[in-house]
Each structure stands twice: as structure tokens, then as C-alpha cells.
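Written out below as C-alpha cells is the structure these notes cover.
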Protein chains: 2
Amino acid sequence: MENPLLRKLERFTKLSADDREALDRLASQRIRRRRHREDMIHEGDKPDHVNPILEGWACRYKMLADGRRQILAFLVPGDLCDLHVYILREMDHSIGTITPVKHAEITLEDFDRAIDGRHRVMQALWWDTLVTAAVQREWTTDIGQRSAIERIAHLLLELFYRLESVGLTNGNACELPLTQAEIAEAMGMTPVHANRVLQELRGMGVIELSSKRLVIPDRAALGRIAHFNPNYLHLQRDGSHLDAND
Amino acid sequence: MENPLLRKLERFTKLSADDREALDRLASQRIRRRRHREDMIHEGDKPDHVNPILEGWACRYKMLADGRRQILAFLVPGDLCDLHVYILREMDHSIGTITPVKHAEITLEDFDRAIDGRHRVMQALWWDTLVTAAVQREWTTDIGQRSAIERIAHLLLELFYRLESVGLTNGNACELPLTQAEIAEAMGMTPVHANRVLQELRGMGVIELSSKRLVIPDRAALGRIAHFNPNYLHLQRDGSHLDAND
DNA sequence: CGTAGCTTTGACGAGGGTCAAAATAAGTGG
DNA sequence: CCACTTATTTTGACCCTCGTCAAAGCTACG
């Protein structure tokens, strides 16, 4: 399969052959594999490399002192994970795998070298950072204002759009390797309640979800429940003025 | 008073005289004043300038179709507000004032010109973007996992630290021009409940809050209630290796 | 000093949390 | 491929935190 990172960044601007080659080389130089439910980076670490995900799912999370956990983001193939270690020395949260994960490991120096002089790539990476922040704002809104059913509907739609943008959907279906407990930890509710909400959504016929596979028969219907507006995902090729022409 | 933007950025790295002058010029070229409760930028806009706040408070917010509002961030002097319009064309949220606001208005071209060749300034601005994202993650955790009293305690501490970093505190006191309704909209609760929680915090003697003035007699005590860890504010001069030496 | 905006109270209700156990599904080793 | 173990999903009963609605005090300011 094509490099999912490239695929995602081209959602912003068309890269040149040289850009693509540089990124591809970067993402295939050093590859690591992680097991299921393993911490890739822990809060307090001062990592010196960036870990774009090539296969599998991970999540960004924070633990409170008393064991409560908030999942802050789901990370799927194409996600840079932790580009911010570029500037922020110390991790203020952890990253753990959800499924087995295959990811690249890029030292900051290699990263620097690859970006240097490649303005278009630099902009694309910045775009990715900003979209990540926009998604975080949407999650704040989810948890702060939406009811449990709206929240879960919203999350499922968001994940579907994001997977679609890296070519990981199949018509109206996709893999969704999350447990209900993980969905609950992300949306600030208990697993018991997440279970009840999922049953309700199934009962309404707007989703099918079993054995780690999600089907959304009618996106508009689910969107109406969620009050979903995909503008925050910025899928509109904001960087088309930077398009390469080779 | 000193330019709060400079003051904040120097929390990251020491700027050179030239850097400071460039930023200062940028932030004083075109000044606008806004009234109390006015929208500075609206969701859907495609602004072509950045609006750093020089005086007063504003907030970032999202409206849902049915009128619910989530405040996503409080913006205080020194905050860039909307640096992301640099890359993302269309606003996915709105920015409105809370008090009367004085802000600069910097066109993207001027911004470009000022940053060009000033690597240290560029890094400092990027740092600001990343800290903003880190704060957003903390808010997600607040609303998702913390109880109402923890949340409000956490918010008040965060604001206090941020104000301190731009020189807007006085010992253990600061201005806090928020209504209880605004605090509630930020923390995903009702104004009635926010009121009750504030009374409880007052009753415990960990805050004094009246006529828009906040006093935190014992920061550690309030921190214990909030489970507060300031690491996410990245106040540790992450960019000290970039320090200018003039 | 009147009026609008904020804060505070009270009574009541509901969405979602808690606890615990049962029913399934998914692994694992023999 | 079966038997056993462990993880995940589902149910049920109960209840608590926080939301709703509505009215009454305050405060601030023209």
C-alpha cells in the first residue's frame, strides 16, 4: 500500500516527486514494530525522534494521579504522533498502542535535513499540526456540549472521515479496532454507558459495529444525530496554491 | 507596559534586540479596539491577518446548531489568537471579546516578512502554537475526567499561571473578568452549577473571587483539589538553546 | 434611581455513574 | 480442534452529580 503519510499530506497540497521521495525515504529508514497495548512514549520523556505511524492504531492519553485516564486522540496510519517534540522538550502526555503498530522512527536531525529547503513539505507538516489542534478543539466541544449519543456518533464519523483520507475505508465500511472501554475513555464516559449508547445507535440502524468492523449505511443520518460538520478536518486542500506541478 | 507578546515568547527563548524590535513594530503598526462582547472573527471567515491581543480578554468558541456554545480557550494579552489562519484558510470556530480588547492587526504578508530570516522568532511562534494545543488537550482532560470542582479549580490555576507569565498578576492576585456563565460554558457545565462550585471553593478558603478579582491564597492547596500539574504549560524555557546573546 | 446583567437559592428531575454478575467472544496451550 | 483462561460486551438495580426551571437578591452603571 501507498505510504499513508504521503496520502494524508497530499490532502493539503500536491507534493513534488522530490518531496515525495524525501518523505518516503524518511519513513522507511528505521522501522519499529510495537505490540498491542504497549507505551510508545511516556509522559515526562524527552524523546529525540518523531514516530509516524505506518500501520495499526495508537492513542494519545493522559493519566490523572488516581488512575483515571483520558484518551486525547486516536492515532491512525499517516499520523505523525509527536511532531511537537521538535520544539517542546518534555512530553506532557503519553502515547500507547491500541493494536500492534508499525511505525518509522525519525531522528530530529534527519527530520531537519529532509525539511530544509523543502518549503512545501514544511507547510504540509505545519498544516498537519494545525489540523490535529482543530480536532482537539472539536473533542473539547464533544465532551463539553454533546450528549453521549451525539458524542459517540460524532467520534465514529470523525474516524471514518480520517480513515477515508488515508485510503483505509471500503465504501461505507472500515476497520475499527477499539474496545467500548476505549471509546468511553475518549469520550469521557463509562464503558457501561458507551455500551448502551452503541446499542441505541445500532437499534436506530445508523451504524453496524461488530468484530472490530464499522459500517455506516447512511452518513447523513448519522451526521444529523451528531450535529457533524466536517469543516474542522480541513479536507479542502487548503494548500492548493502550493501545488507542485511535476 | 511592556509588550505582552514579547514577554510571553521570552518564556521560551531569549530574543535578540533585532527580534524584539521586529515583533514590536509588527504589533504596533495597526491597532484596533473592540468593544465588550464583540465578535472579532466568525466561523467560516477566511481572514487575511493575525490579531495578537494587547489588552483585554477574548475567547475562542464554537456554536452548535441548537445554540449550545462551548468556549474552547480564553485569550489574554500576548495571545496570537489565530496564527493558524496562516495555513488553514477557513475558520472552524469563532473568536469573541469578553472585555473591551485592544489588538494588533497584522497582515499575513507583513508577518511573513518579519519572520523571514528570523529563525528564532519562527521557533518561538511555533512554540506558542504547540503550547496552545497542549492547553487544549488539558481542557479535554478537564471536561472528560475531572469533577466540577476539580475542573474549576484547575481552570483558575491555569489562568493564573498564564497571566503570571505575561506579568498580569500581583502576588497571589489577578484580574479575572469572567462571568460565572462564561466559566460554565468553558468547563461544560451550567451556570447554576458553576455558581455552587465557586461557593464551595470560597467556603474552603482556597480562592477569593469577587468583583472580577481573583485571589489564590495558597496555590498548593488549590492545586491539590485540581490535581494540577503545570507541565503542560511548558514554562521551562524549552528554547534556551536558541537564546540570543545580545 | 431605574433597569439590565449577574449571582444566588430552592425544588425537582434526568442523564449518566456505580457495582456486580452473567453472557459472549477471543486467545492459549495441550 | 478442544478445554481453559482472560478480555469484552451486555444486563439489571440503584443512586448521585449535575441539569432545569423559576424566582429573588445583588451590583453596576447610565
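Just so you know, these numbers come straight off a predicted model, no measurement behind them. Reminder, nothing fancy here: chain letters follow the sequence lines and each chain counts from 1.
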| request: Write down the distance between CD1 (B:Ile152) and C1' (C:dT7), rounded to a whole number of angstrom. | output: 13 Å
| Base, sugar-phosphate alone, or nothing: which one does A:Arg202 contact when heavy atoms must sit under 4.0 Å apart? | sugar-phosphate
| Whole angstrom value for the distance that separates C1' of D:dG19 from CD of A:Gln145 | 12 Å
| query | Salt bridge or not for B:Asp79 and B:Lys8, using N-O below 4.0 Å? | reply | yes
| Side-chain N,O (B:Asn195) to OP1/OP2 (C:dT8) below 4.0 Å | yes
| query | In whole Å, what is the span from the CD atom of B:Glu150 to the C1' atom of D:dT17? | reply | 13 Å
| Spacing of B:Lys212 atom NZ relative to C:dC6 atom C1', expressed in whole Å | 7 Å
| field | All pairs passing salt bridge (charged side-chain N to carboxylate O under 4.0 Å, His left out) where residues 167-180 of chain B contributes a residue, at least two apart | value | B:Glu175-B:Arg213
| said: Given A:Thr140, which partner from the list B:Glu138, B:Gln136, B:Gln70 fulfils the side-chain hydrogen bond (donor to acceptor under 3.5 Å, both in side chains) test? | reply: B:Gln136
| task | Assess the pair B:His84 and A:His234: is the distance between their ring centroids shorter than 6.0 Å? | result | no
| message | Tell me whether B:Arg219 forms a cation-pi arrangement with B:Tyr161, defined as NZ or CZ under 6.0 Å from the six-membered ring centre and within 45 degrees of its axis. | response | yes
| How would nucleotides 13-23 of chain C be written as a contact map, 5' to 3', with B for base contact, S for sugar-phosphate-only contact and - for no contact, using protein heavy atoms under 4.0 Å? | ---BSBB----
| query | To the nearest angstrom, how far is B:Leu209 atom CG from D:dC26 atom P? | reply | 18 Å
| said: Heavy atoms from C-beta onward define the side chain here; which of C:dT9, D:dT11, C:dC6 lies closest to that of B:Gln199? | reply: C:dT9
| field | Set of residues satisfying ring pair (Phe, Tyr, Trp, His ring centres under 6.0 Å) with respect to A:Phe74, sequence neighbours excluded | value | A:Trp139
| field | Separation of atom CD in A:Gln180 from atom P in C:dA26, rounded to whole Å | value | 12 Å
| query | When the distance from CG of B:Leu178 to C1' of C:dT7 is rounded to whole Å, what number comes out? | reply | 15 Å
| Taking atom types as modelled and ignoring hydrogens, do the side chains of A:His227 and A:Arg146 form a donor-acceptor contact shorter than 3.5 angstrom? | no
| Rounded distance (Å) that lies between atom C1' of D:dT8 and atom CD1 of A:Ile183 | 12 Å
